[in-house]
Undergrad: 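Provided herewith is a single structure, encoded as structure tokens, for subsequent inquiry.
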Amino acid sequence: MNKSSHFIDLSLLKTHPAFRAVFIARFISIVALGMLAVAVPVQIQHMTHSPLLVGLAVTLAAAGMFIGLLTGGVLADRYERKKLILFARSTCGLGFIALAINAALPEPSLIAVYLLGFWDGFFGAIGVTALLAATPALVGRENIMQAGAITMLTVRFGSILSPAIAGLVIAHGGVTWNYALAAFGTLLTVLTLLKLPTLPPPPQPREHPLKSLAAGVQFLFASPIVGMVALIGALVTLASAVRVLYPSLAPHWSVSADQLGLMYAAVPLGAAIGAFTSGKLKHAARPGQLVLGSAIAAFVALGLFSLMPNLPLALACLVAFGYFGAINSLVQYAMIQALTPDHLLGRINGLWTAQNVTGDAIGAAVIGAMGSWLLPPQAAAVFGFTAALLGIVMWWVMGRLRRYHPPAPELTEQAS
């Protein structure tokens, strides 16, 4: 008899070789992209000494990612997904090589850095979308929650390691070596992903790409459960942008520069704990209640965060916010994957991921503006408790989601 555990189940890495290849490739890819995210701002700051021009590079990369997610969603539903994943990753690698060559020149081109940043954001997003669309075929829909938790841990650990590696490489070899190692990492991901089986898309009519994308948007409105889950996810993503207030909140607790880093690490730590202890989530009989409840709990933790009398309690609130946000994200992911037809998986995953990218940017603008109108502690508290109130309203209004009982095995099977 197999007993379910509160802790993450890593057995998919042993029983599904294709998913194991994806796990290895994704971890290497996240480290490589994280190194790129450090190297580009460092190079531009060194070249221009302008924070504005550094910010422009980040904006262009985010724009490339957003367009790539929408484009990748359409392509993943139309073309063989393994070839699309390999093409996207290989093209990203070419961008890294070009960045390394440009950085090695006596006078590197700033325009080239901008264009290649957009390039890598665009093609990287295409690969991510195709991989998300292919995941149900690789692990089976009954294992989606488990695969999502493993992926979340991969992302968190990769995101923690990559800045540290990038800092060491830049300090000892400069940005050229950083780009070169990112390109080498991409080569390793491509070689690893060659082990994937053929992943043909479901049959569907040929239509204009914009019409195809519109069909994905229409599905969100036509499927109330998926649409409501996506809406809640958007609100949680907005709240995650509270980190823009950390520097201005630091004097509230007399936080030093070293301690400020703890604030940035607290939410990822909570998310990692959420993923690591997610073993029983796939047995939830009412996942809609879990999505709504975890969102409300996350917002309450955020509202309490800035009201805490000392830093340790504030950090505990941020860890709680990260924990409940991770639970929310995992259940969102499983429900969306389970309820989306195969022929729409690419587009819906692209739209869902694009929502996360844009939601974070919009949230940063909203919370930043509130921080300029109110005192920073007031801004964080007002935003958190307002979101919690909205979450409670959604709990009562979204009765269909609250009562939803999924037929999908990954959310209903019981331990035996």
Undergrad: Would you find a donor on one side and an acceptor on the other, under 3.5 Å apart, between the side chain of T154 and the backbone of I150?
TA: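 Present.
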
Undergrad: Using modelled atom types and a 3.5 Å cut-off, is there a donor and acceptor pairing between side-chain atoms of R20 and backbone atoms of L13?
TA: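 Checking the backbone N and O of L13 against the side chain of R20, a donor-acceptor pair under 3.5 Å is found.
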
Undergrad: Does any N or O in the side chain of D77 come within less than 3.5 Å of the main-chain N or O of G346, such that one atom is a donor and the other an acceptor?
TA: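 Flag set: sc D77 to bb G346 pair under 3.5 Å.
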
Undergrad: Compare every heavy atom of P287 with every heavy atom of V331, then report the nearest pair and how far apart it is.
TA: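 The pair with the smallest heavy-atom distance is CG1-O, 3.7 Å.
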
Undergrad: Any non-hydrogen side-chain atom of F305 less than 4.5 Å from a side-chain atom of M263?
TA: yes

Undergrad: Check whether any side-chain N or O of H405 sits under 3.5 Å from a backbone N or O of A285 as a donor-acceptor pair, and report yes or no.
TA: yes

Undergrad: Compare every heavy atom of D342 with every heavy atom of R81, then report the nearest pair and how far apart it is.
TA: NH2-O, 3.5 Å

Undergrad: Can you tell if the side chain of F324 reaches within under 4.5 Å of the side chain of V300, non-hydrogen atoms only?
TA: no

Undergrad: Given side chains that start at C-beta, do those of P209 and R78 come closer than 4.5 Å, heavy atoms only?
TA: yes

Undergrad: Under 3.5 Å, is there a donor-acceptor pair between the N349 and Q337 side chains?
TA: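 There is such a pair (donor and acceptor under 3.5 Å, judged by atom type) between the side chains of N349 and Q337.
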
Undergrad: Evaluate side chain to side chain contact (heavy atoms under 4.5 Å, CB included) for L193 paired with K82, printing each intermediate quantity in order.
TA: CA-CA 8 Å; L193 291 171; K82 177 182 177 180; over 6 Å; no

Undergrad: Report yes or no: does Q378 contribute a side-chain atom to a donor-acceptor pair with the main-chain N or O of L375 at less than 3.5 Å?
TA: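 Side chain of Q378 to backbone of L375, a donor-acceptor pair under 3.5 Å: yes, one is there.
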
Undergrad: Hey, what do you get for CG (L281) to CD1 (I327), rounding to the nearest 0.5 Å?
TA: 4.5 Å

Undergrad: Between S11 and Q146, do the side chains contain a donor N or O and an acceptor N or O under 3.5 Å apart?
TA: yes

Undergrad: Backbone N or O of G124 within a donor-acceptor pair of the R89 side chain at under 3.5 Å?
TA: no

Undergrad: Quick check: does any side chain N or O of W177 sit under 3.5 Å from a backbone N or O of H172, one acting as donor and the other as acceptor?
TA: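 Answer holds: no.
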
Undergrad: Which heavy atom of T135 sits nearest a heavy atom of A147, and at what distance?
TA: CG2-CB, 4.3 Å

Undergrad: What are the two closest heavy atoms between F321 and L302, and how far apart are they?
TA: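 Where F321 meets L302 most closely, the heavy atoms are CD1-CB, 4.0 Å.
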
Undergrad: Please round to the nearest 0.5 Å and tell me the distance separating atom OH of Y333 and atom OG1 of T353.
TA: 9.5 Å

Undergrad: Taking it one step at a time, do L53 and Y114 satisfy side chain to side chain contact (heavy atoms under 4.5 Å, CB included)?
TA: CA-CA 10 Å; L53 294 179; Y114 284 138; 3.3 Å; yes

Undergrad: So which pairs with a foot in residues 206-250 pass ring pair (Phe, Tyr, Trp, His ring centres under 6.0 Å), sequence neighbours left out?
TA: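 Passing the test, one end in residues 206-250: Y246-Y264.
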
Undergrad: Can you confirm whether V236 sits close enough to S329 that some side-chain heavy atom of one is under 4.5 Å from a side-chain heavy atom of the other?
TA: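 When only atoms from C-beta onward are counted, S329 and V236 do not touch, as no gap falls below 4.5 Å.
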
Undergrad: Could you report the tightest heavy-atom contact between A76 and A130, atom names first, then the distance?
TA: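 Looking at all heavy atoms of both residues, the closest pair is CB-CA, 3.9 Å.
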
Undergrad: How far does OG of S278 sit from CG of L330, to the nearest 0.5 angstrom?
TA: 5.5 Å

Undergrad: Would you call L401 and I232 a side-chain contact if the rule is heavy atoms closer than 4.5 Å?
TA: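 Sidechains of I232 and L401: in contact.
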
Undergrad: Counting only heavy atoms not in F184 (residues, nucleotides, ligands), do more than 12 fall under 6.0 Å from its CZ?
TA: no

Undergrad: To the closest 0.5 Å, what do you measure between OG1 (T151) and CG (L131)?
TA: 8.0 Å

Undergrad: Begin with the C-alpha distance, continue with both residues' side-chain angles, and end with the deciding distance and a verdict on side chain to side chain contact (heavy atoms under 4.5 Å, CB included) for L138 and L199.
TA: CA-CA 9 Å; L138 295 176; L199 299 166; 3.9 Å; yes

Undergrad: Is it the case that the side chains of Y404 and Q289 hold a donor-acceptor pair, with the cut-off being a distance below 3.5 Å and no angle test?
TA: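 No, no side-chain donor-acceptor contact under 3.5 Å.
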
Undergrad: How far apart are the C-alpha atoms of L84 and E80, what are their side-chain angles, what is the distance that settles it, and do they pass the side chain to side chain contact (heavy atoms under 4.5 Å, CB included) test?
TA: CA-CA 6 Å; L84 186 59; E80 203 275 325; over 6 Å; no

Undergrad: Quick one: does Y323's side chain get under 4.5 Å of V267's, heavy atoms only?
TA: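 No. Closest side-chain heavy atoms not under 4.5 Å.
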
Undergrad: Is any side-chain heavy atom of Q43 closer than 4.5 Å to a side-chain heavy atom of Y179?
TA: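 Counting from C-beta outward, Q43 and Y179 do come under 4.5 Å.
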
Undergrad: Which heavy atom of G363 sits nearest a heavy atom of A241, and at what distance?
TA: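 Looking at all heavy atoms of both residues, the shortest contact is C-CB, 3.4 Å.
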
Undergrad: Is T189 reaching over with its side chain to a backbone N or O of T186, donor-acceptor style, under 3.5 angstrom?
TA: yes

Undergrad: Give, for atom CG of D120 and atom CG of L99, the distance between the pair rounded to the nearest 0.5 Å.
TA: 6.0 Å

Undergrad: Please answer whether the main-chain N or O of S306 pairs with a side-chain N or O of H252 as donor and acceptor at a distance below 3.5 Å.
TA: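 Such a contact is found between H252 side chain and S306 backbone.
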
Undergrad: Would you check if R286 and L290 make a side-chain contact, meaning some heavy-atom pair closer than 4.5 Å?
TA: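 Side-chain contact under 4.5 Å: no.
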
Undergrad: How would you list all residue pairs meeting salt bridge (Lys or Arg N to Asp or Glu O under 4.0 Å) that involve residues 222-251, not counting sequence neighbours?
TA: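 Every salt bridge (Lys or Arg N to Asp or Glu O under 4.0 Å) pair that includes a residue of residues 222-251, provided the two are not neighbours, is R243-D360.
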
Undergrad: Out of curiosity, L315 CG to L269 CG, how far, rounded to the nearest 0.5 Å?
TA: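 One finds 9.5 Å between CG of L315 and CG of L269.
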
Undergrad: Quick one: does R402's side chain have a donor or acceptor within less than 3.5 Å of a partner on W395's backbone?
TA: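 Side chain of R402 to backbone of W395: a pair is present.
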
Undergrad: Can you list the residues that meet the ring-ring contact (aromatic ring centres under 6.0 Å, His included) rule with W119, with sequence neighbours excluded?
TA: F123

